[in-house]
Every structure is written in C-alpha cells, then in structure tokens.
Asker: 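This is the structure, below, for whatever I ask next.
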Amino acid sequence: GDSVTQMEGPVTLSEEAFLTINCTYTATGYPSLFWYVQYPGEGLQLLLKATKADDKGSNKGFEATYRKETTSFHLEKGSVQVSDSAVYFCALSETSGSRLTFGEGTQLTVNP
Amino acid sequence: SQTIHQWPATLVQPVGSPLSLECTVEGTSNPNLYWYRQAAGRGLQLLFYSVGIGQISSEVPQNLSASRPQDRQFILSSKKLLLSDSGFYLCASRGVSGNTIYFGEGSWLTVV
C-alpha cells in the first residue's frame, strides 16, 4: 500500500537558517503530493502541493519539487522565521483514490 | 475553497459517557469526508471516510462510529468513551473535482 516517510524530528534551527525536511513516498500509481502545516493547537493547513513529476510547489517561501526518480518531495526554505515553528506533514493522494496518506510529521522549532 | 466547521472545539468527558462531534462543510457539494485522529505527539490516523450520504468506511476497528446524514454533514460518535479515545480529532473534506483535502480546526477530546 501507499506510505510516506518523513525525516525524524524534532528539528531546531536558528532564525534565518536553511531548512530541509526530507520526505519519500511509496505508491502504486502516480500520486499527488502535499505538505501540510499544523501550528500549535490548530488544524492542518495546506502549505503547498504538486500533482505530477517535476512540478514544484511553493508558498510563503517554502518549496518542494516532485521527484519521481527518487520518489521524494523534500520541503525547503532558504531563511526560516520564528513564526515557521510548527509541525509539518508530508502526504500523498492517489489520483484515482479517495484517501490521503500522511507521514508521521516533523516538529520544527525556530529560535530567535 | 472549502470551509470546514467542527464543534465542539474542546470537550472533557468521563469514561463511559457518549460522544458526538459534528462537522459541516461549505463551498462544495458531494465531497469525500474524513475523520482523522491525532494522539499527542504522533501522526494522523484515518478513522473513517465517506464518499456519499450513508456511505461510511471504517479504517480502524474501535468503539467509535461515524454517520453522514446529509451531504455536507459528518458526525463522529461513541456510545461509551475509553481513556484511549483522548486526542485531537480532525474533520477533512475533498471536493469531487479536486485532489486537495482541506481540514477543519479540530476538536480536542480529553477522556477522564
């Protein structure tokens, strides 16, 4: 079945540092890939997505590129802020399916 | 985009008491609807999903149940809560024409 593997957290960075959160996936078809962010005490918000190979999703300075050859969708940001502290979830959805498969989440803490 | 309303936002219930969490969706029709649970410090677990009125699929056997009495209403219930039912419950929706899943703000359940 489908699965998503995220790098283990927690990740702690200083403000303005470069961020990478690794995500790899296993799927039988050609899934769409997503990054969701969860701020403390809140629900999940869609951060970015990519629907086919080589697509790059981007939002709020975050980027992720759909790499079919390495089955990866790593999240990157060039300069993190304290306000980026949150839990980040990588997820996939089969285009013909009806469910979203999540990774375990990565806790990011950015210190001033 | 869709808007998902969940209530109550916070709930403290004694062991053995019943539960009803309600979710309604605006901005789409005939959505796929989902209930996820997030235990403290862990990832998201899909509990139920529904592709239409009265159609419920259960992912994990447990003492919870779900119902979909109307197209954009999804209810999570229990007749007798267990301590292990404590967690953060998230309702989610995916429109028929899209592959993005949107989440509500979540409901915190503490069973004491």
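First the proteins, then the strands, lettered A, B, ... as listed; each starts at 1. Everything numeric here is computed off the predicted structure, so don't read it as measured data.
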Asker: Give me the contact list for residues 71-79 of chain B versus chain A, heavy atoms only, anything under 4.5 Å, ordered by residue number.
Answerer: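 Residues in range: none.
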Asker: Give me the atom names and distance for the closest heavy-atom approach of A50(A) to D55(A).
Answerer: CB-CB, 3.7 Å
Asker: Would you call E63(A) and K77(A) a salt bridge, using N to O less than 4.0 angstrom?
Answerer: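 Salt bridge: no.
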Asker: Would you say that more than 12 heavy atoms from the other residues, nucleotides or ligands in this model lie under 6.0 Å from the CD of E69(A), or not?
Answerer: yes
Asker: Would Q6(A) and T106(A) count as having a side-chain donor-acceptor pair, cut-off 3.5 Å?
Answerer: yes
Asker: Using the rule given for ring-ring contact (aromatic ring centres under 6.0 Å, His included), can you reason through W108(B) versus F88(B), listing the C-alpha separation, both sets of side-chain angles and the distance that settles it, and then say yes or no?
Answerer: CA-CA 5 Å; W108(B) 286 100; F88(B) 190 46; 4.3 Å; yes
Asker: Parallel, tilted or perpendicular for F73(A) and Y66(A), by the 30°/60° rule?
Answerer: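 Perpendicular: the ring planes of F73(A) and Y66(A) meet at over 60°.
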Asker: Under 4.5 Å, heavy atom to heavy atom, which residues of residues 38-49 of chain A contact chain B?
Answerer: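 Result: Q38(A), G41(A), E42(A), G43(A), L44(A), L46(A), K49(A).
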Asker: Which atoms of T100(B) are under 4.5 Å from chain A, going by heavy atoms: the side chain, the backbone, both sets, or neither?
Answerer: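 For T100(B), heavy atoms of backbone and side chain both lie under 4.5 Å from chain A.
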Asker: Could you point out which residue of F34(A), F89(A), F102(A) forms a ring pair (Phe, Tyr, Trp, His ring centres under 6.0 Å) with F103(B)?
Answerer: F102(A)
Asker: Give every residue pair that meets the disulfide bond (SG atoms under 2.5 Å apart) criterion with at least one member in residues 8-56 of chain A, sequence neighbours excluded.
Answerer: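 Output for this query lists C23(A)-C90(A).
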Asker: For A27(A), what residues pass the side-chain contact (heavy atoms from CB on, under 4.5 Å) criterion, not counting sequence neighbours?
Answerer: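 A27(A) satisfies side-chain contact (heavy atoms from CB on, under 4.5 Å) with D2(A), Y25(A), P31(A), L92(A), E94(A) once adjacent residues are dropped.
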Asker: Using the rule given for side-chain hydrogen bond (donor to acceptor under 3.5 Å, both in side chains), can you reason through S107(B) versus Q6(B), listing the C-alpha separation, both sets of side-chain angles and the distance that settles it, and then say yes or no?
Answerer: CA-CA 7 Å; S107(B) 298; Q6(B) 276 187 247; 3.2 Å; yes
